[in-house]
Structure formats: C-alpha cells, structure tokens
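Some notes on the structure that comes next.
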Amino acid sequence: MIRTYIRPWLALAACSLMLSGCSDDPAPGNQGSVQPISEKYPITWRFALEEIEGSVQHRYAEAFRSRIEGISDGRIEVDVFPYGSLGTSTQLTELARNGSVNLAFASPGHLADTVPEAGIFNLHFLMPEQPEVARQLLEDPELIAQFQQPYQQTGLQLLGFIPEGWMAWTANKPLRAPDDFEGLRIRTMTSDIAAEAYRAYGAEPAQTPYSQVYSDLQLRKIDGQTNPVFAIEEMDFHEVQTTLTMARASYFVASIVSNQQWYNNLPDRERTWLNEAMRDLAEFAWDSQETLNRQRLERMMETGGIQIVRLNEDERERFRQTSLPVRDKYLEQTGETGQALLEFVENWPQP
Ligand code: 6CS
C-alpha cells in the first residue's frame, strides 16, 4: 500500500535557529559556574535525536533520561528532541557545536564531512561480524580516545558509540552483485565517504537528508536506499520498495556528542553522572537495537510487502573485494590518524 504523507520532517528547521531563545536555562556552555549548587537544580539537558519516536536513538534517549534523573536524584532533567523537532543530522551537529543543545546523536554517515575520521564506519566489510566482538571494539576506551582529538577539533566531545544494527539495502530488485548497482540511484547519508562506498559498486549515490528519503523513493527520484532494518520499517521505506537485500556489509554506528566547552565546564559530579549513565546503558543499547531490528524484520515479513534476500558468502566476498579501494579514499581524507584507526579496527582480534 502506498500512502500519501504529509511528514513533519521538513518543518524541522524553523525552531532550530530559534532554539537558544526557547528556554529559560542558561546557555549550555555557561552552566555550572555562576549559581551556587543548591540554587541551580533542577537543570535541563537538551538531547537531540536524528531519529523519530520509537527508534533506537529514541529508546536510548528515554532510557538515558530516566537513568540520569535517577542517578542525580532529580537534579538533572532531560528534554528529548526526536527527529522532526529541530533539524537534519547536519543541523543537529551544528546545534551541539554552538551549544544550543547539550547532547546529540551524530551519525558518521553525515558527520564524516566534518570529522573525516568518523567515516571509518562507512567502510564496508570492516567491522567484526560477531556482535559481541563488535561491541567490545566500540566500547574500547582506546578506540574512543583515538577519535577524541578529531571530534574536539570541531568543538565536539565524543561521549560514545551506539550500535544500531547491520545496514540493509532496499531497491526495486535484489542486489546480489556489484553489477546490480550499476547506475542505481541509491540514497546514502550526506557525507562523501558514505557515497563513495556505493560509487565503488558502480552506483550513482544521492546524498540527501533522512527526511527526504521516503518522498524521493515514492517519486522515483531515487531507486534505493540503505539503512538498518528497524529504520526501514519505521520510516515506511518498505512500502515504496520491493526488495530488501541483507549483505552485512556495514554496521550502523552512531556517535553521541556534546558541546566540548559545555562538557569541560560541567561540575565534576555532573560529568560523573553523565559518564556513569552512559556506561550503565551500554548493554541496554546493544539489546535494544537487536530486539528492535528483529521485531521490525518479523513485522515486515508478516505483512509481506517486501521480499527479503540474504546474500551468501560468495556473493558477499565479491562485494568485499570491490569495496576495498574505498579504504584508500578514507586514508586520503584522514592521513595518519585515519591510518592508525584503520589498523586498530582491522587488527581487532576476532575469534
Ligand atoms: O539514514 C539516515 O540519515 C539516518 N538513519 C538512521 C538509522 N539514523 C540516523 C540517520 O540520520
């Protein structure tokens, strides 16, 4: 069934530019230094999401809100802004950089034009395949430390990586070999490296915001797109595509960022609460995306609107070989820092 939607996403820029005037709170970068501690609480942290309600990011943010309110005994409250209320991913990153929001999700698929090193998560056939191994890698303090300087150079503090599941490909045909991508207008996230990964297969990538994907598919301005299964279902992309191909080529990894100055100026105990809440939620984040991806796949299979194709190992190997030159492009953009990151990930011990 093809529905006609009036979607809220495109109204999203309006409030974003006014945001710093929308609240009585002091500007985030200034918090923590002026008032005596007893007078300043409760305070509100603003958390901006790149996804709609019910998504992996939304579930995480709601769990974070509840955890931090618990740890701080109600001193810290969290305002969650789902996608559609503030701006596109790129705009949310800008809001975090200028301090209008305290916390934001920043997906490397968009962020890599600003923080090229983050583009590593757009490379295919690089992440460990086993979830437990990938989890250990993403939570490794040394990995986070290696990313810290590139993020900080742009005014962002990297707080952690959140997994969102394997990226699946949707189109109006199965995508079993690189040849199937020849000339395919596939929507990718907006960074050049995200597009490059599909150009390597012969596709013609369209780098557009998330909010535009459904209508571009519906209007046949593009032929396909790529996202984790949960997102394909919740954004209704399966309604305007016939086939979902599961290649397990890349993993969707989102980063959580804050304004660096705000983070540095946090009173010690607030920084401790923040770090503690994120640590407490690491397991929740993995379980939650696994559950959501499984349930949403089941739901799409039950309704039968989209054909599911799983690539075999030979088919995956052809994609893997074709994808490898993109690593050189990543290195061209990132130099020694990227080289060190790539080696770190490539050499991560696998069972
Ligand atoms: O495709 C995108 O642009 C978006 N996809 C997901 C699953 N999360 C955020 C990102 O902006």
Side-chain angles (χ1 to χ4, degrees), residues 7-10 12-13 16 47-61 80-96 101 103-115 118-119 121-122 124 127 160-171 185-195 197-198 203 205-217 222 224-238 240-241 244 246 249-257 285-286 288-297 300:
R7 290 172 175 261
W9 328 130
L10 289 176
L12 32 78
S16 65
F47 195 170
L49 314 186
E50 302 173 288
E51 294 169 6
I52 61 175
E53 287 182 28
S55 62
V56 167
Q57 293 187 4
H58 185 249
R59 285 187 177 199
Y60 182 90
V80 174
F81 294 89
Y83 194 61
S85 51
L86 293 183
T88 63
S89 291
T90 308
Q91 290 169 326
L92 298 186
T93 299
E94 195 45 43
L95 292 178
V101 299
L103 304 163
F105 271 98
S107 297
H110 297 289
L111 186 67
D113 279 348
T114 309
V115 182
F121 295 115
N122 297 113
H124 289 193
M127 285 292 284
F161 292 116
I162 300 296
E164 301 201 14
W166 289 110
M167 297 286 267
W169 304 329
T170 67
R185 294 168 304 169
I186 188 165
R187 181 271 175 178
T188 67
M189 286 182 271
T190 50
S191 68
D192 285 340
I193 195 77
Y198 290 91
Q207 297 154 250
T208 53
Y210 201 30
S211 47
Q212 205 181 309
V213 182
Y214 183 93
S215 54
D216 281 359
L217 288 171
I222 51 173
Q225 67 80 45
T226 171
N227 253 303
V229 167
F230 83 87
I232 291 167
E233 201 271 348
E234 77 187 6
M235 297 298 279
D236 296 331
F237 300 154
H238 61 297
V240 282
Q241 298 269 265
L244 184 151
M246 303 179 95
S250 63
Y251 211 79
F252 193 107
V253 176
S255 55
I256 300 184
V257 297
W286 276 90
S288 153
Q289 60 83 18
E290 267 179 8
T291 308
L292 217 49
N293 278 307
R294 193 185 57 252
Q295 287 173 345
R296 302 266 171 98
L297 182 63
M300 282 194 284

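Start at 1 and go down the list; that is how both ligands and their atoms are numbered.
Evaluated by nearest non-hydrogen atom to atom 3 (O) of ligand 1, the leading choice among Q212, H110, Q289 is H110.
Y210 CD1, 3.3 Å is the protein heavy atom nearest to atom 2 (C) of ligand 1. Shortest contact from atom 5 (N) of ligand 1 to any protein heavy atom: N227 OD1, 2.8 Å.
At a heavy-atom distance under 4.0 Å, no atom of F105 approaches ligand 1. At a heavy-atom distance under 4.0 Å, only side-chain atoms of E51, from C-beta outward, approach ligand 1. With a 4.0 Å heavy-atom cut-off, ligand 1 is reached by no atom of Q225. For P228, every heavy-atom contact with ligand 1 shorter than 4.0 Å involves the side chain, none the backbone. With a 4.0 Å cut-off on non-hydrogen atoms, R187 touches ligand 1 through its side chain and not its backbone.
Between E233 and L292 there is no side-chain heavy-atom pair separated by less than 4.5 Å. At least one side-chain heavy atom of N293 sits less than 4.5 Å from a side-chain heavy atom of P228. L244 is not listed as a side-chain neighbour of W169, based on a closest heavy-atom distance of 4.5 Å or more. Put simply, the side chain of D113 reaches to within 4.5 Å of the side chain of D192, judged on heavy atoms. T90 places a side-chain heavy atom less than 4.5 Å from the side chain of T190.
Aromatic ring centroids of Y198 and H124 lie under 6.0 Å apart. Note: F121 and F252 fail the aromatic proximity criterion, with ring centroids not under 6.0 Å apart.
Proximity to A231 (heavy-atom distance under 4.0 Å) selects the following atoms of ligand 1: 7 (C).
Below 3.5 Å of separation, one finds no N or O of T226 facing any N or O of ligand 1. For a threshold of 3.5 Å applied to N or O pairs, the pair formed by S89 and ligand 1 contains at least one separation below that value.
Aromatic ring pairs are classed by plane angle as parallel below 30°, tilted from 30° to 60° and perpendicular above 60°; the pair Y210 and Y83 is tilted.
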